[in-house]
2 protein chains.
Amino acid sequence: MTAIEILKKLKEKGVRFTPQRQAILEFLLGTDTHPTAEEIYHHVKAKFPGVSLGTIYNTLNMLKEHGHIMELSYGDMCSRFDGNPKNHYHVACTDCGRIVDLHSPLLDLEQEVGEKTGFLVQGHRLEFYGVCPECSTHKRAKMN
Amino acid sequence: MTAIEILKKLKEKGVRFTPQRQAILEFLLGTDTHPTAEEIYHHVKAKFPGVSLGTIYNTLNMLKEHGHIMELSYGDMCSRFDGNPKNHYHVACTDCGRIVDLHSPLLDLEQEVGEKTGFLVQGHRLEFYGVCPECSTHKRAKMN
DNA sequence: GTATTTGCAAACACTTTGCGTCAGG
DNA sequence: CCTGACGCAAAGTGTTTGCAAATAC
């Protein structure tokens, strides 16, 4: 899907089509470098010298909320620390933010990934996210 | 390994043993809630009312550098955005920060994780990290 | 004793928010 | 027109840094 097609779809949901948004989305769709907000800002500024970082963030958040792009971070959460530095997996609750450990057999994918990408793979992190039992219970309770 | 044992090992590397550090590490080892720096601060403050957030961060960074704890975040990187919101995997270079996509067969682990934890699993993120081919080439060049 | 660590506060970096103006529909 | 988006700047948040006083060794 092109940037214009996505923005046309969003227009039906009451989101306005602006040239800044088009430029931001086109840049993001046309690259695989996973740019930071700052990098997007500099790029869009070449075409729209007056654009501001606030607009970049607003647009990225809007696109993220509609599921058209993805943010690679914990989002609004800050760092959390784990006393166990070995590879193990985490499951995070999107509702309450709780993170629980998953004691599961480790995957042996690192070598495969190294061969596919040429990286010297040093480690990996696997995180699942969803709603924890407590939160889904509360939600059900609230609905009644 | 207990907090005291870890700190004794670190003492051999010239890291001083302080009661604040002991309290921070003991709290971290004794919980599986993956606390934030702020949460650790409040907890340690109960025993050491004069402790400061700066000390918490200094200690956490020291412990992280020595590999005794783990930080759940991108660390010093800021958010990066990806035009493709579907599940796919990333490989991050610990040297230059570049993130590349991995187009690999998806794992079908979400159901398994849901059964083990009781979560309603909505998605997952799998990231590998290591040194990218370019950086390992540069490193080799620098050594010569 | 002396070098490291602490506590405090100021600085920083990234992101969000508020507000007056501008422009898409 | 009128509402949402823009540009700008100020405020927020989480983290780091600089420095004098305290403390481990």
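Here is the naming used below: chain letters follow the sequence lines, and residue numbers restart at 1 for every chain.
Residue-level contact check: B:E38 touches neither bases nor backbone, having no heavy atom under 4.0 Å from any strand.
In the set D:dC25, D:dT15, C:dT6, C:dT6 carries the atom at the smallest distance from any side-chain atom of B:Q20. Comparing C:dT5, D:dT15, D:dG7 by their closest approach to the side chain of B:R16 singles out C:dT5. Closest to the B:N61 side chain, of the nucleotides C:dG25, D:dT16, D:dG4, is D:dT16. Taking only side-chain atoms of B:Y57, from C-beta outward, the nucleotide of D:dA24, D:dT15, C:dT6 with the closest atom is D:dT15. Residue A:V51 places its side chain closer to D:dG7 than to any other of D:dT15, C:dG25, D:dG7. In this structure, the nucleotide among D:dA5, C:dC8, C:dT6 sitting nearest to the side chain of B:T18 is C:dT6. The listed nucleotides are D:dT17, C:dC8, D:dG7; the one nearest the side chain of B:S52 is C:dC8.
Heavy-atom nearest nucleotides on DNA chain C were determined for B:G14 and for B:P49, and the one closer to the 5' end corresponds to B:G14. Heavy-atom distances to DNA chain D give each of A:F48 and B:L53 a nearest nucleotide, and the one nearer the 5′ end belongs to A:F48.
Between A:I6 and A:K9, the closest side-chain pair of non-hydrogen atoms is not below 4.5 Å. Side chains of B:T31 and B:H43 form no contact here, defined as non-hydrogen atoms less than 4.5 Å apart.
The distance between atom CD1 of A:I56 and atom P of C:dT16, rounded to the nearest whole Å, is 13 Å. Summarising the geometry, the separation between NZ on B:K11 and C1' on D:dA24 is reported as 8 Å, rounded to the nearest angstrom. Per the geometry, CD1 belonging to B:I40 stands 13 Å off C1' belonging to D:dT15, to the nearest Å. One interatomic measurement links the two molecules: CG of A:L10 to P of D:dA5, which rounds to 10 Å at whole-angstrom precision. Distance, A:E12 CD to C:dG25 P: 13 Å, rounded to whole Å. For the pair A:Y41 OH and C:dT16 P, the interatomic distance rounds to 16 Å; values are reported in whole Å. Rounded to whole angstrom, the span from the CG atom of A:N58 across to the P atom of C:dT16 amounts to 8 Å. For the pair B:K13 NZ and C:dT4 P, the computed distance is 17 Å after rounding to whole Å.
At least one donor-acceptor pair under 3.5 Å links the side chain of A:E39 to the backbone N or O of A:T36. Using modelled atom types, one side-chain atom of A:R21 and one backbone atom of A:R16 make a donor-acceptor pair closer than 3.5 Å. In this structure a side-chain-to-backbone donor-acceptor pair under 3.5 Å is missing from B:E65 to B:M62.
Taking 3.5 Å as the limit, the base of D:dA5 and the side chain of A:R21 contain no donor-acceptor pair of atoms between them.
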